[in-house]
Structures are given as structure tokens and as C-alpha cells.
Amino acid sequence: MFEPVATQPNLIPSEHDVLKFWQQNGTFDTLREKNKNGPVWSFLDGPITANNPMGVHHAWGRTYKDCFQRYHAMMGHRQRYQNGFDCQGLWVEVEVEKELGFNTKKDIEQYGVGEFVEKCKERVRKYSAIQTQQSIRLGYWMDWGNSYYTMSDENNYTIWAFLKKCHDRGLVYKGADVMPWCPRCGTGISQHEMHEAYREITDPSVVLKMPLRRGTNEFLLVWTTTPWTLAANVACAVHPKLLYSKVEQKGETYYLGRNCVSQLQGEFKFVEDLPGSELVGLEYDGPFDELPAEAEARNRHVVIGWKQVSEDEGTGIVHIAPGCGKEDFDLSHEHDLPAPAPLNESGVYIEGYGVLTGKFAGDVTDAVLHSLKEKGLFYTAGPYVHSYPHCWRCRTPLLFRYVHEWYIDMSWREEIKEVARQVRWIPEWGLERELEWLDNMRDWMISKKRYWGLALPIFECECGWFDVIGSKEELRERAAAGWEEFEGHSPHRPHVDAVRIKCEKCGREVSRVSDVGNPWLDAGIVTYSTVKYNTDREYWSKWIPADLVTECFPGQFRNWFYAMLAMSTMMENIPPFKTLLGHALVRDENGQPMHKSAGNAIWFEDAAEKMGVDVMRWVFCRHNPVNNLNFGYKAGKEGERKVFNTLWNVFAFLANYARLDGFDPTEEQVPAAERQDIDRWLLSDLQLLIKRAHAEFGNYQVHGFVEQAENFIDGLSNWYVRRSRRRFWRTKDKADRDKLAAYQTLYTSLITFCKLIAPVCPFVTERIYQNLGRGAAPEAPESIHLCEYPRPDDSLIDQTLSKHMDSVTEVASAALRLRSARQVRVRQPLSEIIVASADSEVRAGVQRFKAQLLDELNVKSMTIKETLDDVLSYSVRPDMSRLGPRLGKDASKVAAALSEMDPAEVASGVKQPGGLTVLAGGEEHRLGADDVAVERVWPEHLAGAEEAAFSIALNTELTQNLITEGMARDVVRHVQQLRKDAELEMNDRIRLRFDTNDERLASAVTTWAGYIKEETLAVALDRGSVDQPQRVATVEGAEIRLSLRRAGS
RNA sequence: GGGCCAGUAGCUCAGUUGGUUAGAGCGCACGCCUGAUAAGCGUGAGGGCGGCAGUUCGAAUCUGCCCUGGCCCA
């Protein structure tokens, strides 16, 4: 019935076997069929970017997703199992550009937008297929034929519906702003995408002179790290309340922040300090006033006050170029200043900038400095290290550009906040984080001047009119031209661009704006688009809000979580999900961020085939998700040893013995009341573990359960099995109810344990189940994952028993420690142990498991008492350094008197409230606990230890009998090793032969021959010359030569 | 400048509603045990819980301020 089990689990090859097994049997389909009428549990998958193979960090989130789905499946819940792929957006474009060797948008235009978009789709298909295969390898059970793609028509049109709703409320607008711009990608970078954009770089820092127009030789010293923006200077800003110094140097007068005078080169003469407010309003000459483009600004150069100015860096006087900086731009509104915009979308100067025209902004530092020097405006320059934003996809340093983009006015953020509050955030501070973002975010920039993405359904007329189309049907109805060209294509560029509608104001035919959409629109709509919102509203309302969403949280508060919340608020004003479980980042073994470039990134496939996915999943589930996870093979190895080897060994032990014994798990159960205490202890612990599992899975805190599971398997192996082994070894006997109870207890515990952890490690548990569960009962479900999740049986829980067992293990480990300290090996039997405790529960526990303890500790007898006082003696030594100064010459008399007294009385006396009264030299002296040093003295023959809850004393006196028995046990041990070396079966009988020159040893063997034979399954034990010993061992200093052969052979 | 999270042995982390002598794993050394275990167990060295000040009979746990690191926002 049970298959024999190898001693090594061989995890990785077996995982492939299990995958095959599931596939061949259609196990996942069976599961869905089984649960099809069950109560709904709704998980909603966050789309993975289908742009690269998976790294181990993807596996973390996916392990959670699978794990919770598997738990709920075993609870009988109906689920959707839909995986998602994120398809559209700049990240795909950038990779395709790399593949094709493109550098600019021009390359794409020349190649053809249609072809380029096809390439993007192709890349998505390729990597979604790879990720699918990898996920299957992880054991991630999903409806893989039915994954959603954010590039689908359904998804795109549902976003149109969302935008239409926004437009109906008047929230869509075209705005003008200065924003971060990637000159390589030729697109603005929205606030959402500025996450992790800042990187340290070295830029030129320049201090230049701006001549004041009011007098001669007076200059503002102005600082900038972006020399290219100087050609668009409009104003200078000072902090009105900061102090500025007026200084003279080489016949010129300079103004700069008082705390910035260290910027001055060489000697200078201090003239006076004045507040910034006195500089405000002064007019000056700009550094590039000769340029035609500065014509308007030329007449407006003025010093303005701005409280953001700091004197921590630079000169305390800031150059303002409203067309080149966000804050500058805002200031220009405040002060009604012009905003010349010098760059085109590639970051190149437009006409009107003299020698700069046609040059890339990042390349003009030398030209700018040269020009300043020529004009006598240069003061100093040097390298400056600061953190500067970069394009999050191509790493190009961003520029700031004045542009027109489409926005959603987010003035309705309070509505979103209200929805966010209805979600349960794990960890709880996720809500605060989200609310903070919602408070601080600006309007949502939804346009991008790119090619591969959502086609914004905005049609804009020259006359200023625009409208938003809400569906494919609406587009068809309103199409004035180009519908035929578009029909049959997905709503992507370039085909959708062919459609024109009529301007409702001036009647002209107008096209769609050429922009594509922000990719977070794509992912944010999935709670609608993928759940049949448009086609089956009843179905949709059954599954949304989803019960669970789980993702890695850094970044997602402003991206996916935000987009889902905002879009769901607009669509139906409901939370899109009920619980959000966030987890931190995967780091390398040393806590460093994993980077492809640093070479410390681990690809999923490598990890899967090197550590195995069960182990990987265990590592993920064991970790507290709020902390970053340091992932590496070392941690995997540890988990493997600690958990999987232990589990496997218990399994192998049970299966192999059960096979020999013909144990039948379907036999009638021995009632719990008739089983041994240790059995009932294990079953009680098992119920507690089941309870814990339900609590933690239900609460999405799987790591708490996994930690407890580790403790359980440890107790199962290293206490229950170790303590119960002999019950399994007894000869086959149908009437042996105790043996049956042991089998049943171990069998139930192991198989229940496997079911409990099956969602975490679905492979190894499946193998164990196939042997133990299915092998024993062919009518059982064909997979462990088709079983019901175990339910706790409260009647089996016995808290007192647990407490008793705790006392027992503590006493055992204290006694073993004593043996170790005294160098008395455990195989050497000892005559007596005394356990003393004032706690009656401890005494009860020790009494209850007396036999177990004696066996475990190899001691003949045990005495249990309340205190060890009667076996201990005390030694008392007066502390003369205290008594001397206090008692003077009486001190020595007190000491003498003390030595006459009973040390035990002294010991207890000094602890009394009044102290101990000692009569010496005719006077009474009171001694307190500090006056004497009391030591407990253990009698020579006792080794003692005092613990918090109990004391123990071990009699280490050895009689000849004990020594002889110890020798016999040593011999047994050597024979067992010999059996193992000879690769005998566990139930093979042997004929044993030994030889020794030591008569003590020889007589020990003879005296204990019965015992030795019984322990080693020897049918014969003879002394005789052993010419070719299979083992030569030393016992108590004497040599013994051993040989054996299988009986009957 | 504001907010969130974290700061416990060499490293990685546990420490429930404040309660006696703060735990575990890894690593190192030594020892023990082994008819399931190329496994396991024990011991030792090593920290007084970022700092200071409070509350309390009692604080790693609560309060305040500060320091360091990470993240977010400005």
C-alpha cells in the first residue's frame, strides 16, 4: 500500500514530476469544477509588465497570490484565477527601440508607427508567454488560457468610458505647464513617474555676474547648475528676510547672501549687510539679452522676493527662467513675467538663440561659459554633485520644458479618499501613505506624446472645442470620416487616428489628439474591464470589490493603487478591493538592492532549478512582508534543511515502517482517551496549529503560521518521533493497540500537517500525500489540493497537557546539559535523578511523563519533591569587609560563632526580614543577607542545576553494574552502525561475532547478551576470534572487534 | 521643513495587552546523540534592547525630545 521512501527528498526533479502529474490529470480543472458552486472569494491580479523574464522579486508576490488562492480553494471557494499582463506604455517602447537600434522618435516615424506598434505587441506576446511558463513552474495555479492583457480592446474602451465620465463632470482639460521632459523619449514625465527618478550626478555649477541697471559696477552674484537655462533668464530671486552682503572686489561691487561669501574668490572688502527685501525691485541686465528670443524678457529683468530661496548652496541669489523650471514658471504667474521656452521636444534650442540654436541643451555648457567670459559676466565655475531627475525608463537626465498636455482635474480627491478609507490596508500605514499622496498629488497628466499605448479619445478642434468619446459605438456613430480605415483594428495608433468627427462648434472635421495615455490608466481600470463590467453587470458585482489585492508597495501608492481607487471612485464610487496586502522589496543576501548591472540580481529560473520552488515559496512565506527580504541561496539552504529534510524524514520513517507493518490508516481509530499522553499532546498541538492556520490565512499574515509550522515539525520529529520510536519497532502484533495508536497519531499529524502547509509548498506535500493519503485510500481525492482544509477539533485540545510537556522537555534539556557539563555520556546509565519544584504543575508533568524522562535521560529512578533543601548543604562565609568596619573587634567573634552554627539555618536566617541574630562576645548582632556569602554545596555524588521553575540533581555515582550496562549500550551502538554500514534492511536478523582481550568488556557483553541481541536483532552472539573485523571499536578504553552477517544467509 | 517605517548579539531577525535572569537562526569552538534523519541536540563566547529624560512597584515594550538609516511629500 505505501511505496518505499528514499531517505533523500530530491526536491527539484520531483517538482517537475508533480507538475507533470497535475497537467496529466487536469488537477487544476478538477479543482475549479469541484468549487464551481462554492461561495465566491475574489482575488484580483495586478498586471505584471510583460516586458522581461521574471526575477525572484516577481516570485514573492506571486507566491502570496497562489498561496491565498490555494487556501481558499481548499476551503471550497469559487475563484476566477485570472492572471494579468500589463502591455502598453513607454517601457515596452524603450525595449523595442533598443532591439531595433533606435535613438529618437524620428527613427520610429521613419520606420512606421504601424509597424512599430506591431513590434510592441509582439514583444508583449513573447514575454507574456515566457512569464506564463515561469509562473507555472512556480506552481502558480491560474487560468492561463484566460489571462487579461491591458492592450485588449475591452480594456482600452473601458478607459474611454472612464474618461468620458470625467469629461461629463468637466474635469478633462488641456493645460500648459513646465514639466520634466525626457529629450530622448520626447515626452513629458508625469508626477507619477518621478518615483525613484533622482540620481546623483555631477553638473557644472556657475556663478555669474548680473549688472544692476541703477549704478555703475554693481553686480548680483547669481548661481546656477543648469547653464543652458541662462539664455532664457527673466528674473532673479532673493529671500526677502535673509541678509545679503555688499562687498567690493577688484573695483567691482557684488551682492550675495551673507552666509555665501565663501563663494568669493580671493580677497574682498566687506561694505554692509542688508535684507533681501532691499534688493527686491532692482532692475538688472540679463546674461543673454542680445538674443532675439530675449526681446520680451530684456525689458522685464527684475529682482523678486521668494521665500524658497536658501543660502545653503550657491550665492543666495537664484536665477529664474520660467520656461525652464516648474517653480520658475509658477513664479512668473505670480509676478506676471514672460516665459520664453527655448527647447524643442528633443531638447534642442529653437530659432532666436544665436549660436545656441540647433544645439542640444545638455551640450552647451562650454558655449555658455565662453559667451559669459566674452561679456565679462563670468565669475567662477566648478563641478557640483547633486541629485537630479532622470527618465525612469532610459535614464536620460530630464530637462524642464514648457508644454501643453492633457490633464484630469483632481479636485474630487476627497471622494477618492473616502473610498480609500473603506479598504483594509496591510500594513495599516498604507492608508496614511495613500491619503498623503491623494492630498499632495497635482492634476493627473494623462497624455504622452508617444506611439504605443491607449489612444486618448480626445478630439480637439482648432477653434478650441474638444470632446471625449466614451465607447467604440459612440465613435462609430459620430465618425464623420475614416471609420472604414479604422474598422477591424484595435484602438491603437495609427489606425484609430484615421477617424474624424465633426466639431460641434464650427463644423470642421477634427482628428483625435495624437497623444497616447498614461499607462496607469490601463492598469487602473482592470477591476472593471476584466470583470465583465460592460457585458455582465451581475457577474461584475459578484466579484468586485475584490477580496484581495496584493503587490509590492513601493511606488504603487501613486500608481496602481491610486489609479484603481481613482477610477473606481469615478465609475461607481465603490472601493475596487476590500483588502490590500503590500510587501516590501527583495534584496540580495547582503541587503543590497538587486540590479542587473550590479550582477547580484537572481533570475527566477536560476533560483527555481537551484533551490527549488517549494523552498523558495517557504522563504517568501516565512518572511514578514513589511520588511525587505534578503534573498539568497544560503537562506534557501537553511529552510531546506530545517523544514523539508525534517518533514521528509518523518515521512520516510512513517511510510517505511508502516509498509513493513502493514499499517492500514483506514482501520478504526483508537479513541483519543485510550492513547498515550504523548499522542494526545501531539494531537492537541496539531489542533492549535490548525487554528493558527485559519487565523493567519484568513488575516493574510501567512508568515505567522509558517513560523508556527516550523516549530510543529520540529516537535513532531525531534520529540514525538524520537520518544515514540520504540513503539514502532515492536514486533508485528494485531492486538497491539498502543502501536496502532502511535501509527494513527503520527499518520494523522503528518497528513494533516501536509494539508495545512500545502498552499505554501504545493509540491512536496503533493508527493507525501500521493503516497500516504492516496496510497492508503484510493478513493481519497486524487490530489492534496483537492482535499478540504483541516478544521480544528476543540475536544482534542488539552492546555494542561501542553504545559506538562513543556516542563518535561525543559527538565530533559537541563539534565542533558548537566551530563554534558560533567562529561557523562548519555549512554552511560545513571542511578537517580531528583526533580524539585515548588510548582505543583511542574511536579505533575514530570510525574506524568516519568517513564519518558527516565528513558530519554537514561536514568534508573526519579524522585520528585518540592525542594532540594534536604540533599543540599550550604557553605557560609562572613563578608569581613562589611562586618569589620561595623563590628570592630567583635567581627572575628561573630565569624567564629557563625562557623559553629548550622549553615542551613544561617542561610535561611539572613534572608528573614529582621535578619539573623548571632550571639558573640556577649552581645547580639544582626546579620543581613549582604553580610554573609551563602553558597549551595552539592554533595560530591550529585550534579545539580537550578532553573527558574525547578531544580534537578543527578546522581553521577557509578556502580560496577552501571558501568557494565553502559559498555553494553556502547556495543549496541557500534553494532547498529555496523548494520547501517552493511546496508541491512531495518528488519533483517543478524548473527554477531565479537572478540576482545579485555575481560571486563567480555563479561559486560555476556551479562547483557540478551539485551544486545534484542536491540540489534541478533539471533546469535558469539565470542570467538574475528580475523577480519568489520568494525574495530573502543569501549571504555578497551578494544572490541566485531563482525556480523545476515541470519540465514 | 513635514510625514511614515525601522534601529534588539558579528550577521538576519522574533519579542503578544509593560512583569521575574531579553530569545531564535546563521557563523565559530567544543561536546552529545543517532535501528527516520550527509539530520538532530546541547554547551560556550557574545547584547541589556539607538541616545537622553519621563510615567510606573516594574519598560525592549507607554510618553516626550534627539540621533542614524530607508521611504514618501514639500
Side-chain angles (χ1 to χ4, degrees), chain A residues 5-9 191 194-196 307-308 310 312 327 427-442 553-555 557-558 582 584-585 587 589-591 593 622-624 626-632 634-635 637-642 644-658 703-704 707 710-711 714 716-719 721-722 724-726 728-729 746 750 809 812-828 856 858 946-949 969 972-973 975-980 982 984-988 990 1014-1018:
Chain A
V5 176
T7 52
Q8 288 302 303
Q191 193 194 358
M194 290 294 280
H195 176 62
E196 286 182 354
K307 59 181 185 4
Q308 296 291 312
S310 130
D312 294 342
E327 288 147 327
E428 277 174 39
W429 49 261
L431 174 62
E432 298 308 314
R433 195 51 95 63
E434 190 62 51
L435 293 179
E436 192 188 339
W437 161 253
L438 289 168
D439 276 333
N440 290 314
M441 68 178 181
R442 291 193 279 270
F553 48 48
F557 292 102
R558 51 163 69 191
L585 298 164
R587 297 290 177 84
E589 219 148 33
N590 304 314
R622 172 78 166 76
H623 190 77
N624 183 346
V626 306
N627 297 325
N628 286 338
L629 168 62
N630 297 352
F631 185 93
K634 226 166 73 184
K637 205 78 209 152
E638 196 184 321
E640 184 183 336
R641 270 203 353 247
K642 216 176 133 145
F644 292 90
N645 278 346
T646 309
L647 176 63
W648 191 262
N649 290 329
V650 173
F651 163 55
F653 174 85
L654 173 60
N656 291 336
Y657 276 102
H703 69 282
E707 199 182 315
E710 281 186 5
N711 291 340
D714 183 63
L716 178 63
S717 169
N718 291 318
W719 190 248
V721 173
R722 206 157 64 88
S724 308
R725 272 189 296 208
R726 286 178 178 269
F728 295 90
W729 296 343
L746 183 56
L750 186 58
T809 51
S813 83
L816 289 171
R817 206 179 310 149
L818 269 182
R819 274 185 171 273
S820 175
R822 290 297 180 98
Q823 307 249 36
V824 183
R825 65 193 195 284
V826 179
R827 274 195 298 275
Q828 174 61 61
E856 173 75 12
N858 195 15
E946 289 175 281
E947 301 289 315
R969 289 185 66 132
V972 167
R973 167 73 201 116
V975 175
Q976 302 294 23
Q977 189 59 47
L978 195 49
R979 286 185 60 111
K980 202 168 177 179
L984 295 184
E985 290 294 324
M986 290 177 300
N987 53 350
D988 281 340
I990 58 168
E1014 191 185 318
E1015 289 293 307
T1016 62
L1017 298 188

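Letters A, B, ... are given to chains in the order of the sequence lines, protein chains preceding strands, and every chain is numbered from 1.
- By the 30° and 60° cut-offs, the orientation of the rings of A:F653 relative to A:F728 is perpendicular.
- Spacing between B:U34 and B:A38 at atom P, rounded to whole Å, works out to 15 Å.
- Checking each of A:R969, A:Q828, A:R827 against A:N858 for a side chain to side chain donor-acceptor pair (under 3.5 Å) leaves exactly one that passes, namely A:R969.
- As a whole-Å value, the separation of A:D439 CG from B:G2 C1' is 13 Å.
- Look at the P atom in both B:A9 and B:U55: the space between them is 28 Å, to the nearest Å.
- Pairing for B:A36 is absent, judged as Watson-Crick or G-U wobble with the two contacts each under 3.5 Å.
- Contact record, A:L750 with A:L647: CD1-CD1, 3.7 Å, taken as the closest heavy-atom pair.
- Both distances falling under 3.5 Å, in either a Watson-Crick or a G-U wobble arrangement, occur for no nucleotide opposite B:U61.
- A close approach under 4.0 Å does not occur between any side-chain nitrogen or oxygen of A:N440 and OP1 or OP2 of B:C72.
- A:N624 has its CG atom 14 Å from the C1' atom of B:U16, to the nearest Å.
- Taking the P atoms as reference points, B:G47 lies 12 Å from B:A22, given to the whole Å.
- For the pair A:D714 (side chain) and A:E710 (backbone), a donor-acceptor distance under 3.5 Å is absent.
- Of the nucleotides present, none pairs with B:C49 by Watson-Crick or G-U wobble criteria with both distances under 3.5 Å.
- Nucleotide B:G50 is shown with an anti base, its glycosidic torsion being more than 90° from 0.
- As a whole-Å value, the separation of A:L431 CG from B:C72 P is 19 Å.
- Within the 3.5 Å criterion, the main-chain N or O of A:R587 finds no donor-acceptor partner in the side chain of A:N628.
- Judged by Watson-Crick or G-U wobble contacts below 3.5 Å, the nucleotide B:A29 has B:U43 as its partner.
- Only the P atoms considered, B:C71 is 40 Å distant from B:A39, to the nearest whole Å.
- The gap from the C1' atom of B:G58 to that of B:U21 amounts to 15 Å, rounded to the nearest Å.
- For the pair A:R587 CZ and B:G70 P, the computed distance is 10 Å after rounding to whole Å.
- Comparing the C1' positions of B:G19 and B:A59 gives a spacing of 10 Å, expressed to the nearest Å.
- Rounded to whole Å, the separation between the C1' atoms of B:U37 and B:G23 comes to 27 Å.
- Of the possible polar contacts, one joining the A:R979 side chain to the A:D988 backbone as a donor-acceptor pair under 3.5 Å is found.
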Heavy atoms under 4.0 Å is the rule here; annotate nucleotides 30-38 of chain B 5' to 3' with B where the base is hit, S where only the sugar-phosphate is, and - elsewhere.
-> --SSBBBBB
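- One interatomic measurement links the two molecules: CG of A:N628 to P of B:G7, which rounds to 13 Å at whole-angstrom precision.
- Comparing B:G40, B:A14, B:C72 by their closest approach to the side chain of A:R433 singles out B:C72.
- At a threshold of 4.5 Å between non-hydrogen side-chain atoms, the residues A:T1016 and A:V972 count as touching.
- Atoms CZ (A:R622) and C1' (B:A24) sit 9 Å apart, rounded to a whole Å.
- Base contact: A:E436 has a heavy atom under 4.0 Å from a base atom.
- B:C5 sits 38 Å from B:G44 when the P atoms are compared, rounded to a whole Å.
- Protein atom CG of A:N711 is 15 Å distant from nucleotide atom C1' of B:G40, rounded to whole Å.
- Across all strands shown, B:U12 is found opposite B:A24 as a Watson-Crick or G-U wobble partner, with both distances under 3.5 Å.
- The closest side-chain heavy-atom distance from A:E432 to A:W437 is not below 4.5 Å.
- Counting to the nearest Å, the C1' atom of B:U12 and the CG atom of A:L585 are 17 Å from each other.
- Under the 4.5 Å side-chain criterion, counting only non-hydrogen atoms from C-beta, A:V826 is not in contact with A:E856.
- Summarising the base pairing, B:G7 is matched to B:C67 through a Watson-Crick or G-U wobble pair whose two defining distances lie under 3.5 Å.
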